[in-house]
There are 2 protein chains.
Amino acid sequence: MSVTDELLTNAERYAADFDRGELPLPPAKGVAVVACMDARLNVYGLFGLAEGDAHVIRNAGGVVTADERRSLAISQRLLGTREIILIHHTDCGMLTFTDDGFKQTIHNEVGIKPDWSAEAFTDLDEDVRQSVGRITSDPFIPHKQSVRGFVYDVKTGRLREVTG
Amino acid sequence: MSVTDELLTNAERYAADFDRGELPLPPAKGVAVVACMDARLNVYGLFGLAEGDAHVIRNAGGVVTADERRSLAISQRLLGTREIILIHHTDCGMLTFTDDGFKQTIHNEVGIKPDWSAEAFTDLDEDVRQSVGRITSDPFIPHKQSVRGFVYDVKTGRLREVTG
């Protein structure tokens, strides 16, 4: 049995117990979270979110690229969210390689080089500030009164705000 | 108090109860989930995931753009995942507008047009197939033996596999 099959069995159990009723499309709490895809970062658990509460946008690093700017524009313009929370975390995979090295490895193996930036970084706080800056400087995301960035500690479960 | 402050209070409670210990960086179940950012889609709850189990990648629509291909390449090449699960869902916001219309509205308001495709779609199953196809045709994602796509029903909590 594949892992996918195992997770599908869990999904059947979830559906059997499902009693949320009909929830509205716009997030109840009016917030969008942008976080790293890391398996140890449980956004629903961390923030005590229930189904229907918040948009959750995730990728490798929790960095802000064109796709996160697209998702945030849709989240705010069409679905009414007003606050943005960004989360990077300690022991992140993005700290373990360089863009040049990773892309060269792929180039060597595949014969062509990826058409994307890998978005590796060396300083967590500085990259949170970069991601905040990419949002605040974006002309298509209208609401920027509350764009706050954090580092999550995977050992302690604690969030620390990045300021300055 | 902002919603962000309210969620930070929840996060303090999460940290106070945190007892996961030191979890490894690679996802225990070797799987990456790509899902829509929709607030009603609780990926951890649906699949019974615990901290450390799976990469979770999310954006508006659960569509596959360059950033998801980047994240999946990093997930498989550097962190050992081997299976991919894609999830779209019923009552999706992406079914409620067109790329042209949305971008024209922004153009009218901001004065410039977004540099991204909004990735709206009209047929859920067909867009799941599109997303699967963007992965299987990508040269930089090495493991494609298990790339399966689903539609989640937000009213019933049930997953339906998209085939063909």
Side-chain angles (χ1 to χ4, degrees), chain A residues 2-4 7-8 10-11 14-15 18 20 22-23 25 27 29-31 37 39-40 42 44-48 51-60 65-67 69-71 73-75 78-79 83 85 91 93 97 106 110 112 114-116 118 139-140 146 148 154-159, chain B residues 2-4 7-8 10-11 14-15 18 20 22-23 25 27 29-31 37 39-40 42 44-48 51-60 65-67 69-71 73-75 78-79 83 85 91 93 97 106 110 112 114-116 118 139-140 146 148 154-159:
Chain A
S2 69
V3 173
T4 299
L7 297 186
L8 290 176
N10 294 347
Y14 179 83
F18 190 82
R20 310 300 182 287
E22 211 155 325
L23 295 166
L25 173 51
K29 295 201 175 292
V31 66
M37 69 180 179
R40 297 163 296 180
N42 174 359
Y44 268 67
L46 176 65
F47 287 132
E51 283 80 352
D53 277 350
H55 281 150
V56 181
I57 300 162
R58 304 184 64 170
N59 67 11
T65 75
D67 195 46
R69 294 186 292 110
R70 172 187 75 88
S71 295
I74 291 170
S75 176
L78 301 177
L79 297 162
E83 300 180 30
I85 298 174
D91 193 36
F97 64 93
I106 294 178
V110 179
I112 48 173
D115 54 340
W116 30 257
F140 310 117
S146 184
R148 293 167 64 180
V154 296
K155 279 191 200 167
T156 64
R158 200 160 285 283
L159 269 188
Chain B
S2 67
V3 173
T4 299
L7 298 186
L8 290 176
N10 294 346
Y14 180 83
F18 191 80
R20 311 297 181 289
E22 210 156 326
L23 294 165
L25 174 52
K29 295 203 175 291
V31 66
M37 69 180 179
R40 297 162 297 179
N42 174 358
Y44 269 67
L46 176 65
F47 287 132
E51 282 80 352
D53 277 350
H55 281 150
V56 181
I57 300 162
R58 305 184 65 170
N59 67 11
T65 74
D67 194 48
R69 296 186 289 108
R70 172 187 74 87
S71 296
I74 290 169
S75 176
L78 300 178
L79 297 163
E83 300 181 30
I85 298 174
D91 192 37
F97 64 93
I106 294 179
V110 180
I112 48 173
D115 53 340
W116 31 257
F140 310 117
S146 183
R148 294 166 64 180
V154 297
K155 278 190 200 167
T156 64
R158 199 161 286 284
L159 269 187

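Just so it is clear: chains get the letters A, B, ... in the order the sequence lines come, proteins before strands, and each one is counted from 1.
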(request) Check side-chain contact (heavy atoms from CB on, under 4.5 Å) between B:Y44 and all other residues, then give those that pass, not counting sequence neighbours. (result) A:N42, A:R58, B:N42, B:L49, B:V56
(message) Between A:L78, A:L79, A:V154, A:V31, who has the most heavy-atom pairs with chain B when the cutoff is under 4.5 Å?
(response) A:L78
(request) Would you mind checking which part of A:L23 comes under 4.5 Å of any heavy atom in chain B, side chain (CB onward), backbone (N, CA, C, O), both or neither? (result) both
(request) Flag the one option from A:I57, A:T65, A:L25 with the top tally of heavy-atom pairs under 4.5 Å to chain B. (result) A:L25
(message) Just verifying a value: how many Å separate A:E22 CD and B:D91 CG, rounded to the nearest 0.5 Å?
(response) 7.5 Å
(request) For residues A:G157 and B:A15, report the shortest heavy-atom separation together with the two atoms involved. (result) O-CB, 3.3 Å
(request) Go through the atoms of B:A11 and report whether side chain, backbone, both or neither lie under 4.5 Å from a heavy atom of chain A. (result) both
(request) First locate atom CG of A:L46, then atom CG of B:L8, and finally report the distance between them rounded to the nearest 0.5 Å. (result) 8.5 Å
(request) Taking A:E83 for its side chain and B:S2 for its backbone only, find out whether a donor-acceptor pair lies under 3.5 Å. (result) no
(request) Flag the one option from A:T156, A:L159, A:D115 with the top tally of heavy-atom pairs under 4.5 Å to chain B. (result) A:T156
(request) Select one option (side chain, backbone, both, neither) describing which atoms of A:D53 are under 4.5 Å from chain B's heavy atoms. (result) backbone
(request) Flag the one option from A:G45, A:A60, A:A73 with the top tally of heavy-atom pairs under 4.5 Å to chain B. (result) A:A60
(request) With a 4.5 angstrom heavy-atom cut-off, could you sort out which part of A:S146 is near chain B: side chain, backbone, both or neither? (result) side chain
(message) Using heavy-atom distances under 4.5 Å, tell me whether A:R148 contacts chain B through its side chain, its backbone, both, or neither.
(response) side chain
(request) Provide the closest heavy-atom pair for A:L7 versus B:F47 in the form atom of the first, atom of the second, distance. (result) O-CD2, 3.3 Å
(message) Check whether A:R40 reaches the backbone of B:E51 with its side chain - one donor and one acceptor, N or O, closer than 3.5 Å.
(response) no
(request) Provide the closest heavy-atom pair for B:P139 versus A:I112 in the form atom of the first, atom of the second, distance. (result) CG-CD1, 4.0 Å
(message) Can you give me the closest heavy-atom contact between B:N59 and A:S71, atom names plus distance?
(response) CB-OG, 3.5 Å
(request) Not counting sequence neighbours, which residues clear side-chain contact (heavy atoms from CB on, under 4.5 Å) with A:I106? List them please. (result) A:F102, A:V110, A:P114, A:W116, B:R77, B:F140
(message) At a heavy-atom distance under 4.5 Å, which candidate from B:R70, B:R69, B:H55, B:R20 has the highest pair count against chain A?
(response) B:R70
(message) Shorter than 4.5 Å, heavy atoms on both sides: which option in A:G30, A:G48, A:A54 has the most such pairs with chain B?
(response) A:A54
